Every structure is written in structure tokens, then in C-alpha cells.
Amino acid sequence: MLSITFFLYLILISETIVSKKIQLPDLDSSRSKPQGECSRCKILADSFNNWLGKTSRGKYEGGDAAWEEAKLKSYSRSEIRLVEIQESLCSEIKQHKDECYILAEEVEPVLEKWWFNEDPISTDLYTWLCIETLQYCCPALHYGDACYPCPISKDNKICSGHGKCNGEGTRKGNGTCICNRGYIGSNCDECAKNYFLHLDSCESCHKSCNGCTGEGAYSCLTCKNGWELKTGQCVDIDECLTPSSCKQNQYCVNQEGSYICKSCDKSCSSCAGKGPTNCTSCEGEYLLWSGVLILYCGLLIIAFIIFRTSRKLASVVILIIAIYIYFYEKESSMNCIDALQNFYFIM
């Protein structure tokens, strides 16, 4: 019964699609394309011009080349050369190669028309193909579906020379200014926050400033977080001077305008810096550095006593002690009691 119902449901859907001509989504057209039409067309035109240059010294191969040059068109305008270029199109491109291949296949008849009817030397392919024929792009300093001219500011520059108009060179956009970093305003003629005007350009304020009137830390209007005003300039606050900046098992590292907390060595319950030698209190059975210092002094005393008896034996013992101290420092989990036990085992 279920299968019959499902079958009738499929028939109903099919009739609905046919009667109402429902448009099913085109999967290929719904895929997002990483390159716009204008960018893809420019990539294709650049690739064509690249292979046009690489085949510039080509000629007819095999047979009677002189006869072919006399009876057929010269190789420079021949169909053979066009085929060679088309076979190589987009192959040298590293990014968006697939999009280039797709467009090359779509406009193959258009490229052939340009090849046989236009002069490749005097007629720019990008202009002819992308702007005039396919109408994917606009000339420089134009935008939109009708290639409107980009608005010019009072100094006769696009966006005061500090930006570009939205959609320039394409059939998209609205022509509004997209300002370069440091500039704001409808014509990009004002300095953004944390920038100041110097001659004809907006320069960045000092990193400590929250707004400024000029260059340097002395020109700050106010200081950013992590900085404070002293003697007329913003100076870094050393947050590590505050004991509560980090947790008990962390130590503080000051940075300009900020600080970071790093974990103490695993032998430390609290510490003042990196490694087991900076412990201010120990974790569990681990000893403080004063205990380690006693251990090192004891080892040196033993080596000195042996040295008075035998220099050769003392040399071996000192070497063993040096190796031991190295691995002790490297393996911070080893405590002083373990060190003594291991040393007596070696001896």
C-alpha cells in the first residue's frame, strides 16, 4: 500500500511540474564563482595575448612551407596558429584555471571572429572582447551596467586620489568611493581615527595614541588601554607590577600596551619567571632553588676531594656531574632528593 501511495505522489509531482512549468534550479548556475565575469574575461584575454606572443615566431611545419605561405594566409594570421593558441589557452594560469577554461569554451566563436576580422596588432583583445563585445567590463574609471564615469572630486581626482570608485572597470558597483586605509569621507578627503594630516596624506598616529594631532607619543589626545600619560606623553603600563595580573601558577610577561601570562614550570606552585630556577614556592615534594644550590655545591666538593687524590678520576667525575646537571635542568620534574639518589647510584 505504501509503495502505491508513493508512486501516485511521484506522478502528481510530475504533472505539477509539466502543467505549471516549474523551473528547477540550475545547479551549474547556482554555484558561486570565485571570479566575476569581468575578472574572468581579463584572465582569458591575458592568456590569449600570452600565447599570441609565444607563437609569434612560429611557421608552417613540414611539407612545402613556401607553397603554404604563398597559397594560404601567412602563418601569423592562419587558422593553424589560432588552433595552437586555443589549445594552450589557460594552461599557464595557476589560480582560477577552471573558470578560464569554461569561458574560453563559451566564447570560442567570438575569439575566432576577432582573429579573422580584426587586426590583432591594432585592436586590443581585452577592449574588443570584454568591454565592447561581451560587455563584461567597463573602461578604466567607469562603472555600472551602462559604464557611467566615476565621480570626480573638486581636485579633479577620483576619490581625491585616496581610493577607488565602487565597481570601477566592471559592469557592477554604484560608483561610491572605497577609501584607502587611513581615509574616510564621501570623497576620501578626511583622515580616519588614529590618523593625522601631514602635508597631503594621512599618517598613522603613534601606537600608544587614541587619536592624535601629530607624530609621536607626545601628540596623543588620549592614551590607549595599556598606556598612561606621564610627562606629556603616553608610556607603557607595566601590568606585571600588579601581583594579581596572573594566576598563582603563572608568571607575567610585560608587552607594549599589554601583557601575557605564561605557565610556571611544573615543579613550581608559584614563580617569578621561566624554568625551575624561578620558583618562589614548590609543588608537592619539589624543593626550592636553595636546595638545588646545596646539591650543586655538594657535588663540587666531592669532585674537589677526588681531584686531590686522582686527577684522572676527578676529570671523569666532573664530566659526569656536568652531564647530570644538564639533564637535571632539562628535566624540571626531577627534584633534589631524586638527584642525590641518582648521583649515589652512578658513584
Side-chain angles (χ1 to χ4, degrees), residues 17 21-63 65 68-69 71-150 164-175 178:
I17 293 174
K21 297 182 179 180
I22 296 177
Q23 295 282 340
L24 294 177
D26 185 352
L27 296 179
D28 291 332
S29 62
S30 64
R31 293 174 183 169
S32 61
K33 297 179 180 180
Q35 287 286 325
E37 290 179 340
C38 181
S39 298
R40 287 198 305 153
C41 191
K42 187 176 188 310
I43 290 173
L44 177 62
D46 289 344
S47 179
F48 194 100
N49 287 329
N50 173 60
W51 291 106
L52 187 65
K54 289 187 176 181
T55 58
S56 60
R57 296 186 178 182
K59 59 182 180 178
Y60 290 111
E61 299 292 341
E68 290 174 332
E69 288 282 359
K71 298 297 181 180
L72 304 175
K73 285 186 177 180
S74 66
Y75 173 81
S76 63
R77 299 297 303 278
S78 68
E79 184 176 354
I80 292 177
R81 185 185 181 191
L82 174 62
V83 171
E84 290 178 358
I85 293 173
Q86 288 177 323
E87 288 177 347
S88 302
L89 269 180
C90 309
S91 61
E92 82 284 12
I93 297 173
K94 294 181 179 179
Q95 291 185 334
H96 310 300
K97 180 180 294 187
D98 292 340
E99 287 78 15
C100 182
Y101 279 133
I102 292 172
L103 184 59
E105 184 175 351
E106 291 174 356
V107 301
E108 183 176 335
V110 184
L111 288 173
E112 291 176 356
K113 179 181 177 181
W114 175 80
W115 180 259
F116 291 117
N117 299 331
E118 302 292 337
D119 181 8
I121 298 176
S122 60
T123 306
D124 177 62
L125 176 60
Y126 169 74
T127 302
W128 185 89
L129 177 67
C130 303
I131 297 177
E132 298 174 358
T133 305
L134 299 179
Q135 296 186 350
Y136 286 169
C137 305
C138 286
L141 307 181
H142 291 73
Y143 73 95
D145 54 356
C147 290
Y148 306 105
C150 290
K164 63 179 181 179
C165 75
N166 187 359
E168 179 188 347
T170 73
R171 298 275 171 166
K172 299 179 181 180
N174 56 12
I178 301 176

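Note that the structure is a prediction, hence the values are computed from the model and not measured. Only heavy atoms go into these numbers, but all of them, side chains included; no hydrogens, no water, no symmetry mates. In what follows, residues are counted from 1 in the order of the sequence shown.
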Ignoring hydrogens and geometry, is there a side-chain-to-backbone donor-acceptor pair from Trp114 to Asp124 under 3.5 Å? no
* Going by heavy atoms in the side chains, are Trp128 and Val110 under 4.5 Å from each other? -> yes
### Donor-acceptor pair between Trp51 and Glu92 side chains, under 3.5 angstrom
yes
For the backbone of Gly144 and the side chain of Arg171, can you confirm whether one donor and one acceptor N or O come within less than 3.5 Å of each other?
no
Between Ser56 (side chain only) and Gly53 (backbone N and O only), is there a donor and an acceptor less than 3.5 Å apart?
yes
Fill in: Tyr136 side chain near Leu103 side chain, heavy-atom distance below 4.5 Å
yes
Query raised in the report: Sulfur to sulfur, is the gap between Cys130 and Cys38 shorter than 2.5 Å?
Result: no
Side chains of Gln86 and Glu112, heavy atoms from C-beta outward: is any pair under 4.5 Å? yes
* Asked: Are Ser91 and Tyr101 side-chain neighbours, meaning at least one heavy-atom pair lies under 4.5 Å?
  -> yes
*asked:* Angle between ring planes, Tyr143 versus Tyr148, binned at 30° and 60°: parallel, tilted or perpendicular?
replied: tilted
| request: Indicate yes or no: at least one non-hydrogen side-chain atom of Phe116 is less than 4.5 angstrom from one of Leu82. | output: yes
### Message
Less than 4.5 Å apart, side chain to side chain, heavy atoms only: is that true for Pro149 and Leu141?
### Response
no
